[in-house]
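Comments concern the structure below.
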Amino acid sequence: MIHEPDASRPRPSDDGAPAPVSIAARAMAALRPDGASYLSGLNPEQRRAVEATEGPVLVLAGAGTGKTRVLTTRIAHLIATGKARPYDILSVTFTNKAAREMKHRIGQLIGPAGEGMPWLGTFHAIGTKILRRHAELVGLKSDFTILGTDDQLRLMKQVIADQNIDEKRWPARSLAHTIDGWKNRGLGPEQVPPGEAQAFAFGKGGQLYAAYQARLATLNAVDFGDLLLLCLKLWRDNPDILANYQDRFRYILVDEYQDTNVAQYLWLRLLAQARKNVACVGDDDQSIYGWRGAEVDNILRFEHDFPGATVVRLERNYRSTGHILAAASGLIARNEGRLGKTLRTEDAAGEPVTVTGAWDSEEEARQIAESIESLQRKGHPLSEIAVLVRISAQMREIEDRFVQVGLPYRVIGGPRFYERAEIRDALAYLRVTMNGADDLAFERIFNTPKRGLGDATLQTLHAYARADRIPLLAAARKLIETDELKPRARSMLRGLVESFSRWTRLVEAKPHPEVAQTILEESGYTEMWQKDRSADAAGRLENLKEFVRSMEEFPDMAGFLEHVSLVMEASEAEGADRVSLMTLHAAKGLEFDTVFLPGWEDGLFPNQRAIDESGRAGLEEERRLAHVGLTRARKRAKLSFAVNRRIHGLWSSTIPSRFIDELPPHAVDVIEAPAHFSAGASRFDRNPAPFGSSYGTPGWQRAQANTAGGFGSGRGGGRSGGPREIEGELVAKSTATPSAFSGGQRVFHTKFGPGTVAGVDGNKLTVDFDKAGRKMVLDSFLQPG
DNA sequence: CTATGCAACTTTTTT
DNA sequence: AGTTGCATAG
């Protein structure tokens, strides 16, 4: 989990450049600054980006143009030429994964010399490091705790309750969001514009923010946002310290610059101000995190902020075929407000991007599964196939289908390991053991597993703690000596308090994984899950095992806890050949031979909510998301849409995504799936407007001309012979056999329920459903009712 | 204090 | 639809 990414995982390799040379050659290169071999594999633009070491540099690196390679080579170059030693370079990324990948690749380039780069890491990891050194100056102790989202929320609830605000009208979640927003913009409680501070609960927003920060300080804790915000405060209040860091970081490199928020931007600008040796690498066309505070403006404004900046465009793509690139470029060209890049490749055009329609999302899932099986039969490894969805809700149906036909798959993303309840609980036990003053952790496991301690006991505890200004655990210790509690609660609480004392002593005596194991067993926590009959209990126990095992990689318990909140990740089963299933957001930075992109329907993708909330900016971000999706594919990109989809449990008709119409026709093949809406009366005839524009595209006309195509519906891939036969059979069936139903007849549809047949056209019926309204359905989905 | 049932809520996700 | 949080009854 905390070690290297496993080899089976799709490699986030961002470049298609030549393979690394031998170790010896690399070592030699590190010794010879001139004509260094690490430079020889670069194309001219890449080389320019690497060699422009002095002054501000902006590298606009399109998808698949060797972004990471430029970054790592640049670091190697700085070190090899003697311009900087590893610890002179500040190199920031957004994710731990990216940081790890960079470390790994620098190691490959220059050997162990690069391994000791102390200032390579995420914004938050580096922020933490800096804050621990100067904690007192921002009102903390250097062993401050970093709160995760759920602790943050619990604290927020307390703050809201303290102010006598109805938490139902003003949910903690929403306050957390508001405060996060301020922090993302680099605003401390005093800096929030007065107008905005009125935002929450009758103008109490600013007040609540201040109260929340005060609570954090009392707990000697920070949240993620503080890791950056407090650095800013530190530097602003202590110019000498800022000057020290400005001097220390001779060269600054930033990955994924398009994802920086205002706080990160200010953070960087403060550091870069003196030397101005700052190189930012990013792609405005891949900015997809605007909704969580990322400012595309940061990248668009770079030349303005750093006058005289060198701008290098990397446009030579080493990943995708011509057609895929053409589709992606054509699409993204519709966006305004971009710096403008045109990806090009020297590779062949390859297969056109395909667009397939399906009757409903279930059929879409079936088509994808069949298509994958067909690729599999041709020897295509499953690990090189990905299905990228817009929202995670789309995954369920696809998973269902995969399970049915026995396609091995894995979901990437989802709840992070350290966010899982059982891990948070286990961590809470350890936190209290190590630090009896960690009230949030104590409160979390106070009655987990159930030990008959409820709200009443907790309130009494809180009262005690507040009166004496002591932590909850200490308050509990006093409380059990009084007779304020009922005997039952008192003895349970005594048991818990004594356990913690025992466990704390154990830490000195035994290796930390063993201590953790003991705590989980003696507390009854393991037992709680063993008794649990629910489906995921086994998985949770498994996670707990993994949790204990992972501790071995740290020198001691304290070291483990220190890093865990920032760095912990889910462990993946290794080695297996599986299809990857994930959201488009999770796919950034990955690449696959074949990429399926289902759900290209207006409302879903582009997502209606994104448009409602952010208007044209929202639409453009959706378009960038589409661009990211397409550019994940090396050889094949397969788009699809469904004409009917269940949204929030209700079936609704959908229309193909406007993005489909925006694709350049010459790069796209439209594959008309089964005969549902190809011939005769279809719902499009009655309602042609939404889809109308597509009729004009050559691809669509081609599709109409040959009702041929892809992947039949029906069978779970049992039939051999490939798509064509299945499809032929289907077409024959659908045109030849007259329908067994007639007008007025009562029927039952598996999805729409009971209804009355209103019209018949071959095997296609118009049915007035009792609940779902008038729909056009295939008779094969109907039973006489 | 716990178990049960009902209501509300559903974009995307890192640290 | 499906979960998840909350209120009520036990």
Side-chain angles (χ1 to χ4, degrees), chain A residues 92-99 121-128 146-153 157 167-168 171-174 177 180 183-184 222-229 256 259-261 263-264 287-294 361 388-397 400 412-419 421 447 449-458 486 488-489 492 534 536 563-570 582-589 599 603-614 618 621-622 624-626 628-629 645-651 751:
Chain A
V92 280
T93 63
F94 274 85
T95 62
N96 292 304
K97 197 169 128 197
T122 62
F123 276 101
H124 294 85
I126 291 170
T128 308
I146 301 164
L147 260 38
T149 324
D150 53 349
D151 285 327
Q152 197 182 338
L153 218 57
K157 276 186 183 148
E167 211 242 301
K168 251 154 268 139
R173 262 195 81 77
S174 147
H177 185 252
D180 262 353
K183 290 192 174 178
N184 283 339
V222 297
D223 64 18
F224 286 122
D226 287 337
L227 294 173
L228 294 165
L229 197 59
E256 306 278 17
D259 288 338
T260 48
N261 60 34
Q264 287 156 339
S287 163
I288 55 176
Y289 286 111
W291 51 272
R292 66 173 195 217
S361 43
L388 311 182
V389 296
R390 176 64 245 269
I391 61 170
S392 15
Q394 284 173 266
M395 288 187 189
R396 176 196 276 296
E397 264 177 314
D400 282 353
I412 295 183
R416 254 124 299 287
F417 190 66
Y418 63 82
E419 274 171 21
N447 194 30
K450 306 266 188 283
R451 39 176 82 91
L453 300 172
D455 226 27
T457 316
L458 187 61
K486 294 197 188 104
R488 197 186 160 77
M492 291 308 281
S534 63
D536 50 355
H563 286 279
V564 92
S565 54
L566 280 177
V567 180
M568 212 153 142
E569 277 173 29
M582 68 193 97
T583 63
L584 285 160
H585 285 89
K588 194 163 86 156
L604 179 62
F605 190 37
N607 191 271
Q608 191 56 48
R609 193 148 154 187
I611 298 173
D612 290 346
E613 277 170 21
S614 320
E621 182 153 314
E622 294 289 299
R624 289 194 292 268
L625 204 46
V628 166
R645 187 176 295 272
R646 200 162 32 189
I647 300 163
H648 308 326
L650 289 172
W651 282 92
K751 254 177 246 88

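The shown structure was predicted, so the numbers you read here are calculated from the model rather than taken from an experiment. Every chain is numbered from 1, with letters handed out A, B, ... down the list of sequences. Values reported hereafter were calculated over all heavy atoms of this structure, with side chains retained and with hydrogens, waters and symmetry mates removed.
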Please tell me if [X] has a side-chain N or O lying less than 4.0 Å from either OP1 or OP2 of [N].
X      : N      : result
A:T583 : B:dT13 : yes
A:N447 : B:dT2  : yes
A:T149 : B:dT15 : no
A:N96  : B:dT15 : yes

Under 4.0 Å, heavy atoms only, any strand: does [X] hit a base, just the sugar-phosphate, or nothing?
X      : result
A:E613 : base
A:D455 : sugar-phosphate
A:D223 : nothing
A:R396 : sugar-phosphate
A:L453 : sugar-phosphate

Considering only [options], which nucleotide approaches the side chain of [X] most closely?
X      : options                : value
A:R390 : B:dT15, B:dT13, B:dT12 : B:dT12
A:A456 : C:dA1, B:dC1, B:dT14   : B:dC1
A:S392 : B:dT13, B:dT2, B:dT14  : B:dT13
A:H585 : B:dT12, B:dC1, B:dT14  : B:dT12
A:F224 : B:dT13, B:dC1, B:dT15  : B:dT15
A:H648 : B:dT12, B:dT10, B:dT14 : B:dT10

Can you check whether A:G618's main-chain N or O pairs, donor with acceptor, with A:E621's side chain at less than 3.5 Å?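 A pair under 3.5 Å: no.
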
Check whether A:R624 reaches the backbone of A:S287 with its side chain - one donor and one acceptor, N or O, closer than 3.5 Å.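 Checked: pair present.
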
Rounded distance (Å) that lies between atom [atom2] of [N] and atom [atom1] of [X]:
X      : N      : atom1 : atom2 : value
A:I391 : B:dC9  : CD1   : C1'   : 14 Å
A:D180 : B:dT15 : CG    : P     : 14 Å
A:R624 : B:dT13 : CZ    : P     : 17 Å
A:N261 : B:dT13 : CG    : C1'   : 13 Å
A:D226 : B:dT15 : CG    : P     : 17 Å
A:L147 : B:dT14 : CG    : C1'   : 16 Å
A:K97  : B:dT13 : NZ    : P     : 12 Å
A:Q394 : B:dT12 : CD    : P     : 9 Å

Would you mind telling me which residue lines up with the more 5' stretch of DNA chain B, A:G454 or A:A586, judged by nearest nucleotide?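 Going by which nucleotide is closer to the 5' end, it is A:G454.
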
For A:A610 and A:T122, find the nucleotide of DNA chain B closest to each by heavy atoms; which residue's nucleotide sits nearer the 5' end?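 The residue closer to the strand's 5' end, by nearest nucleotide, is A:A610.
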
For residues [X] and [Y], determine if any side-chain heavy atom of one lies less than 4.5 Å from a side-chain heavy atom of the other.
X      : Y      : answer
A:M395 : A:T583 : yes
A:L604 : A:I391 : yes
A:R173 : A:K157 : no
A:K588 : A:D259 : yes
A:H585 : A:W291 : yes

With the stacking rule set at 5.5 Å and 30°, tell me whether A:H124 counts as stacking on B:dT14.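 Not stacked: fails the 5.5 Å / 30° test.
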
Stacking check: are the rings of A:W291 and B:dT12 less than 5.5 Å apart at their centres and under 30 degrees in tilt?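 By the stated criterion, A:W291 and B:dT12 stack.
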
